[in-house]
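Accompanying notes for the structure given below.
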Amino acid sequence: PAMNFMPGQVDQGGFRCTDGTMWPLPRGLAGSTGRPAVYGVRPEHLQLSPHGVTMKVQVVEPTGSETQVHGHVGDIALLGAFRERVAAKPGEPLTITADPALVHLFDRETGARLVA
C-alpha cells in the first residue's frame with residue numbers, strides 16, 4: 001500500500017497537521033520547530049494507541065494476517081494496516097499513532113526528505 005501523506009509543520013513536541021492533530025516526530029528533528037513539512041507514514045507503521053489521534057473509520061477489511069482500515073483524521077484520508085484485531089466498525093472512532101522511528105518528513109516546497 002502507498003504511503004499516507006499529511007501536510008503540517010514541525011512543532012514543539014511533535015508534528016502538527018493542518019487539522020491540528022499532533023503526531024510523533026522521529027528523533028533529531030526537534031530543532032526544526034515551525035518548519036512547514038509533509039508527514040509520511042506507511043499504513044503498516046500506524047499503530048493502535050489509547051494516546052493517539054482519532055481516526056473516523058470508513059471501511060474495515062480483514063485480509064488474513066492484518067486488518068486494513070480506511071478512514072479520516074480531520075479531512076485527511078488515511079489507510080492503516082494493523083496486525084492487532086480491530087474492533088471498530090465504519091462510523092466509529094479508532095485511536096492511532098505512528099511509529100516515530102519509521103516516519104518520514106518531507107520539505108513541503110521541494111519534496112526532499114528531511115533527515116534527522
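As the structure is a computational prediction, the values presented were derived from the model and not from experiment.
- Expressed to the nearest 0.5 Å, how far CD of Glu66 lies from CD of Glu44 amounts to 7.5 Å.
- In this structure, Leu94 and Ala88 approach most closely via the heavy-atom pair CD1-CB, 3.9 Å.
- Checked against Met6 for a side chain to side chain contact (heavy atoms under 4.5 Å, CB included), the options Val38, Val73, Leu78 give a single hit: Leu78.
- For His45, there are no side chain to side chain donor-acceptor pair (under 3.5 Å) partners at least two apart in sequence or on another chain.
- Residues Leu114 and Phe106 form no side-chain contact, since every pair of their non-hydrogen atoms from C-beta on lies 4.5 Å or further apart.
- Atom CD in Gln12 sits 10.5 Å away from atom CG in Leu25 (nearest 0.5 Å).
- Note on residues 47-56: no pairs pass side-chain hydrogen bond (donor to acceptor under 3.5 Å, both in side chains), not counting sequence neighbours.
- At a threshold of 4.5 Å between side-chain heavy atoms, the hydrophobic network of Ile, Leu, Val, Met, Phe, Trp and Tyr places Leu105 and Met22 in two separate groups.
- Each salt bridge (charged side-chain N to carboxylate O under 4.0 Å, His left out) pair with one or both residues in residues 91-108, not counting sequence neighbours, appears once here: Arg35-Asp107.
- Interatomic distance, Leu48 CG to Thr95 OG1, rounded to the nearest 0.5 Å: 8.5 Å.
- The stretch residues 68-91 participates, sequence neighbours left out, in no ring-ring contact (aromatic ring centres under 6.0 Å, His included) pair at all.
- Evaluation of the side chain to side chain contact (heavy atoms under 4.5 Å, CB included) rule for Pro100 yields Pro24 as partners, not counting sequence neighbours.
- Within the 4.5 Å cutoff, the side chain of Asn4 has heavy atoms near those of the Leu79 side chain.
- For Ser65, the side chain to side chain contact (heavy atoms under 4.5 Å, CB included) partners two or more places apart in sequence, or in a different chain, are Arg83.
- At a threshold of 4.5 Å between non-hydrogen side-chain atoms, the residues Val103 and Pro26 count as touching.
- Shown here are the side chain to side chain donor-acceptor pair (under 3.5 Å) partners of Thr21, two or more places apart in sequence or in another chain: Asp19, Trp23.
- Taking the side chain as every heavy atom from C-beta outward, Pro62 and Val86 never approach each other to under 4.5 Å.
- Summarising the local packing, CD of Glu84 is surrounded by more than 12 heavy atoms from other residues, nucleotides or ligands at distances under 6.0 Å.
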